[in-house]
2 protein chains.
Amino acid sequence: MKSGHRHSGIDRRTLVAGLALFPAVNTELWSSSALAQPAAPLPSWNEGPAKQAILDFVRAATDQASPKFVPPDDRVATFDQDGTLWVEQPIYTQVVYCLERVPAVAAQRPELKKREPFKTVLSGNREAIANLPLHDLEEILIATLTGMPVDDFQAEAKTWLESAKHPRWNRLYTDLTYQPMQEVLHYLRDNGFKTYIVTGGGQDFVREYAQRIYGIPPEQVVGTATGTKFGYDQHGRPFLTKEPKLLLNDNNAGKPEGIHLEIGRRPHAAFGNSTGDRQMLEYTGAGDGARLMMLVLHDDAQREYAYGPALGLPDSKVGTFTQALYDEAKNSGWTVISMKSDWKRIFSF
Amino acid sequence: MKSGHRHSGIDRRTLVAGLALFPAVNTELWSSSALAQPAAPLPSWNEGPAKQAILDFVRAATDQASPKFVPPDDRVATFDQDGTLWVEQPIYTQVVYCLERVPAVAAQRPELKKREPFKTVLSGNREAIANLPLHDLEEILIATLTGMPVDDFQAEAKTWLESAKHPRWNRLYTDLTYQPMQEVLHYLRDNGFKTYIVTGGGQDFVREYAQRIYGIPPEQVVGTATGTKFGYDQHGRPFLTKEPKLLLNDNNAGKPEGIHLEIGRRPHAAFGNSTGDRQMLEYTGAGDGARLMMLVLHDDAQREYAYGPALGLPDSKVGTFTQALYDEAKNSGWTVISMKSDWKRIFSF
């Protein structure tokens, strides 16, 4: 399917060609309205190598005279979500959701109240919850993300997202998207790219808000996915139940594997912020034509957070930007985005 | 993402509004070219309940005053492929591909030459091949569709599709798409629908030609899918290998499950031709707004084939249209398309 923007472009050319038939027309009228130049792209980006890399990539991809021209049908760009498009500290939003769902799940399944790790979560002991080992966390994810009809899950996630707030900014999680990355999404779409989220987060969870906050429809969200099971309710009406069966672990090697499964073509641009995005960027970089691989470095403790062993920043439970990843970026021609120096502002508010 | 056509529509309106500023303009020039009325839709369909069901559905879905109006973002239509969009007799095209790949695979893995079912396939005994049981066929599919890099598979499938011909018409398999269904794909896209293939066939195989023959890009093909494995070649270059691990059996209940996995929303229209499409049509029919569920009945032995126990037609190894399916269609308000009486012609040639 062709992108909307490319059609606008073609139609605009048709229109301009049509106008040439009417030499008496006051062309100033047109140039000041329908044909006005678009505003300069990426206004929240400081001038520098990161912004320049994006502009150079789009120019090379869209200029038919460029040896790196990318046909419109092949213009696919993939974005990690947590830490790349929105805040992932101090804990992934979806994990907050799952922890906060535990009381409701335990009310329906009282046997969980006496069992770990549910007992700890229900105790409200923040330190103990923060120290739960990974396999306990997985058990919580399974209990709160599977076993219910898809429709019920979607309604619950939607309701939660409408009120849950980030403790630091006291704002809805869905407000905490990075304005400069929103501009990249728009700029790429304006140039005929289909933009995808490729996230380690749950596919069904992210699909619940991606259209609203990023303009990315459900079918362009690839994420960690469990299976569903088709069945009928008591009235014979068909419905899908979320099953505790992992189909795609969309992290690390799972990202290119998920891209192949759900998109079926190699992206020309990929954005990430941690070792979990490494293989996606490698896979993206291994094709022909214009290529853009970028990593967001969280080095702005004042406006957001600073973490990851690269550049001596403290390590973190989420999104690890290691020195090895930094070295690979340097050696592979990937561009590291410094939140501190490349972004004029972080949020839209 | 919005469809190209809808954007054309908007741009056309902008253009018309712009023209109103220039009352001296000869509007006839415009109306005879860029602004010409589109041709009547579905020219290869005879007047009758099937054509009328499609026209009524599109009118209800796109008329903002209709109580069944479907917002453009939700306009998703899914199509089974084999027997719905192209010929599936006497044997699925992909199975022909797999059988014809056996000699090349056996040349690389000589141990297969002495083993069944490969021995039978290599013998060329058509009757014995036709009688291979399902588990033998599965072994052939695994040997010929997995174990190789994704890039190699794509190149092999592409080469085969460029020369392999159907024995009855002596034409490329990719020529044997149904012209009336091609018109439905176009008509729905012209009305803002995203068209998807949802096939029991192999997702990677169908993606190899869907763009070219249906205008459906790889990311809009959902099919039976095996996993891939990310790795590096001897030069450190990343690549994906097709693995013999079934992720999605996109038949029967697997169709709505696959739709949820890769599309993430319930279709408003679904087209099939066999019991393997039943759950997809049920799932499609269970939502709000305008709905269209259609089944192609192969009742035209002269121009194509006649098969399936419904209406007393002979049974078939492929695409079974049972009497029970026919009854469910009748009881559920689905529309059965008679190839014989609803289609003026079958193919574009």
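Order of the sequence lines fixes the chain letters, A, B, ..., with proteins taken first and strands second; residue numbering starts at 1 for each chain.
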Exam field: side chain B/Arg237 to backbone A/Ala286, donor-acceptor pair closer than 3.5 Å: yes
Calculate, to the nearest 0.5 Å, the distance between atoms CD and OH belonging to A/Glu219 and B/Tyr196 respectively. 4.0 Å
Which portion of B/Asp233 sits near chain A, non-hydrogen atoms under 4.5 angstrom: neither
Among A/Lys245, A/Lys255, A/Gln203, which has the most heavy-atom pairs under 4.5 Å with chain B? A/Gln203
Below 4.5 Å from any heavy atom of chain A, which atoms of B/Asn252 appear? Answer side chain, backbone, both or neither. neither
For chain A, which of B/Lys229, B/Glu257, B/Arg266, B/Glu262 has the most heavy-atom pairs under 4.5 Å? B/Glu257
Which atoms of A/Val150 approach chain B - backbone, side chain, both or neither, heavy atom under 4.5 Å: side chain
Give a yes or no on whether A/Asp288 atom CG has more than 12 heavy-atom contacts from other residues, nucleotides or ligands under 6.0 Å away. no
Chain B contact via A/Leu261 - side chain, backbone, both or neither, heavy atoms under 4.5 Å: both
Which heavy-atom pair separates B/Ala253 from A/Phe230 by the least distance, and what is that distance? CB-CB, 3.7 Å
What's the separation between atom CG in B/Leu248 and atom CG in A/Leu248, rounded to the nearest 0.5 Å? 12.0 Å
By a 4.5 Å heavy-atom criterion (distance strictly below it), what part of A/Asp74 contacts chain B: side chain, backbone, both, or neither? neither
Picking from B/Gln279, B/Arg207, B/Glu282, which has the most non-hydrogen pairs under 4.5 angstrom with chain A? B/Arg207
Segment of A/Phe239 engaging chain B (4.5 angstrom heavy-atom cut-off): neither
Within a 6.0 Å radius of atom OH on A/Tyr187, are there more than 12 heavy atoms belonging to other residues, nucleotides or ligands? yes
